[in-house]
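In each ligand, atom 1 is the first atom listed, and ligand 1 is the first ligand listed. Bear in mind that the values here come from a model prediction, so they are computed numbers and not experimental data.
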Amino acid sequence: MQLYNTLSAKEREGLIEEAGKDRLTISFYKYAHIGNPQIFRNHIFLAWDALEVLGRIYVAHEGINAQLSVPAENFDALKAHLDSITFLENVRLNIAIEQDNKSFLKLKIKVRDKIVADGLNDATFDVTNKGIHVGAEQFNELIEDPNTLLVDMRNHYESEIGHFKNAITPDVDTFRDSLDIIEEQLSEFKEDKKLVMYCTGGIRCEKASAYYKHKGFKQVYQLEGGIIDYTRQVMAKGLENKFMGKNFVFDQRRSERISEDIISNCHQCGQPCDTHVNCANEACHLLFIQCESCAEKMDQCCSAECKEIHALPEEVQKELRKGKSKSNKIFKKGRSEALLYKKTPEESARTIFTSH
Ligand SMILES: [Zn+2]
Ligand SMILES: [Zn+2]
């Protein structure tokens with residue numbers, strides 16, 4: 001029985017091209033009690049590998065969080081398989097707005113302690129006492145209400161390229177940090193304001209909303225299905241789109257354009273730009289925003305130092321990397337002093353909480 005990937009990303013890329021099949025990028029999550037996550041993990045690996053599913057999936061005692069791509073022709077079979085699992089029957093599938101056949105190149109299903117690294121001690125509050133789920137239409141109404149505080153539950157590099165109008169976007173590196181900052185900054189509004197929150201696909205709000213209710217916020221709402229399903233509903237129902245810019249996603253596509261607004265700047269020259277790249281220096285790999293002209297000038301690197309290393313022969317670079325842990329910063333902090341136009345958390349905190 002083969003329970004793990006045997007192909008490299010490169011080999012997989014070749015196979016996807018050769019097959020020429022259209023693939024769908026999908027995400028879903030479900031909090032549910034899973035008695036033996038390892039057995040469950042092996043079970044879905046076998047079934048999904050047979051359906052040529054690729055993706056990044058986390059399984060824990062508390063549930064499943066999945067981001068994957070599947071050949072369009074196998075979508076129904078995958079759906080049937082999900083429906084055969086009691087707690088995944090009719091689970092909401094978030095389907096990506098912009099498709100890319102190479103959004104994922106491996107099938108990785110990992111058993112973790114939690115399906116979101118939220119840093120919360122679940123035993124201290126009732127995780128089932130969640131906020132009120134709202135769809136796109138009600139969300140649009142709620143966020144126009146002057147009595148509403150709209151909070152983006154994502155990290156700084158996500159909200160930087162796209163967020164809802166008037167949202168508070170905490171400049172944090174982790175979900176845990178944002179929980180504390182928001183509670184501290186908004187504590188005086190616990191009684192009378194509506195706390196409305198959103199994230200990419202809804203999963204982060206599931207616990208955050210329960211956490212804030214536990215902390216004493218009386219009226220807590222969360223956008224069901226997150227930005228991904230909001231966008232789908234807006235298009236399907238012809239609603240007004242109140243999201244500006246791009247939705248950051250955690251696969252090779254990096255983002256989906258939701259509106260034509262470009263709300264961020266190149267971290268090197270400051271001109272309007274919302275294209276995330278990874279520093280071309282293998283030893284750095286910093287995630288940052290870079291415009292085309294800076295990319296050319298800097299050889300797609302984040303700093304002069306990285307550019308220098310990147311220009312060295314591959315063998316010499318390998319030698320330099322030896323013994324050093326690879327600081328793979330993709331989807332991590334994305335901060336560096338070399339980036340002149342990236343705000344520090346302190347600068348952003350000032351602008352965010354004084355503008356409301
Ligand atoms: Zn630039
Ligand atoms: Zn770099």
Side-chain angles (χ1 to χ4, degrees), residues 8-10 13 56 98 100 102-106 117 152 154-163 169 171-174 177 243-352:
S8 72
K10 261 239 144 52
E13 213 173 329
R56 193 187 308 112
E98 293 179 340
D100 176 344
K102 294 173 192 161
S103 54
F104 291 100
L105 295 172
K106 291 189 174 188
D152 190 319
R154 302 170 303 153
N155 297 329
H156 67 95
Y157 53 84
E158 302 174 78
S159 55
E160 188 174 8
I161 57 167
H163 55 75
T169 56
D171 193 23
V172 292
D173 292 330
T174 68
D177 290 348
F243 188 91
M244 306 181 295
K246 282 178 168 178
N247 181 24
F248 190 98
V249 294
F250 293 83
D251 61 57
Q252 304 289 334
R253 297 170 301 144
R254 299 221 179 100
S255 63
E256 299 182 316
R257 180 160 295 290
I258 311 289
S259 87
E260 294 309 311
D261 311 274
I262 295 175
I263 64 166
S264 51
N265 304 89
C266 170
H267 287 165
Q268 289 174 323
C269 73
Q271 73 154 304
C273 175
D274 57 9
T275 307
H276 273 115
V277 298
N278 285 101
C279 176
N281 173 15
E282 276 295 312
C284 172
H285 223 55
L286 180 79
L287 180 75
F288 69 108
I289 298 174
Q290 187 178 48
C291 73
E292 275 175 32
S293 76
C294 287
E296 200 171 304
K297 202 164 65 195
M298 298 296 294
D299 280 343
Q300 300 180 314
C301 288
C302 76
S303 64
E305 191 195 346
C306 283
K307 186 181 169 185
E308 235 167 72
I309 295 170
H310 182 54
L312 296 169
E314 183 57 31
E315 287 309 303
V316 183
Q317 289 189 46
K318 269 193 186 143
E319 211 39 53
L320 281 175
R321 288 203 292 272
K322 253 186 202 158
K324 286 182 193 164
S325 66
K326 192 175 176 218
S327 72
N328 185 336
K329 289 172 183 151
I330 185 168
F331 305 147
K332 289 198 181 130
K333 298 189 173 174
R335 297 193 203 274
S336 161
E337 283 174 6
L339 303 173
L340 292 177
Y341 290 87
K342 172 70 186 169
K343 282 184 193 161
T344 64
E346 292 72 30
E347 281 168 353
S348 300
R350 270 200 302 276
T351 52
I352 288 161

Chi angles and distances behind the side chain to side chain contact (heavy atoms under 4.5 Å, CB included) call for Cys269, Lys297 | CA-CA 11 Å; Cys269 73; Lys297 202 164 65 195; 5.6 Å; no

Please indicate whether Glu98 has more than 12 foreign heavy atoms, meaning atoms of other residues, nucleotides or ligands, lying under 6.0 Å from its CD.
-> yes

Would you say Cys284 has an N, O or S atom lying under 2.8 Å from the Zn ion (ligand 2)?
-> yes

Flag if over 12 foreign heavy atoms under 6.0 Å of CD, Glu314 | yes

Does a side-chain heavy-atom distance below 4.5 Å link Lys246 with Thr275?
-> yes

Heteroatom N/O/S of His285 within less than 2.8 Å of the Zn ion (ligand 2) = no

What heavy-atom pair brings Asp152 and Ser159 nearest, and what distance separates the two atoms?
-> OD2-CB, 3.4 Å

For His310, the ring pair (Phe, Tyr, Trp, His ring centres under 6.0 Å) test, sequence neighbours excluded, returns none

Under 3.5 Å, is there a donor-acceptor pair linking the side chains of Ser103 and Asp100?
-> no

What's the SG-the Zn ion (ligand 2)-SG angle here (Cys279, Cys302), rounded to 10 degrees?
-> 120°

Under 2.8 Å from the Zn ion (ligand 1), which protein N, O or S atoms are there? Could you list them by chain and number?
-> Cys266 SG, Cys269 SG, Cys291 SG, Cys294 SG

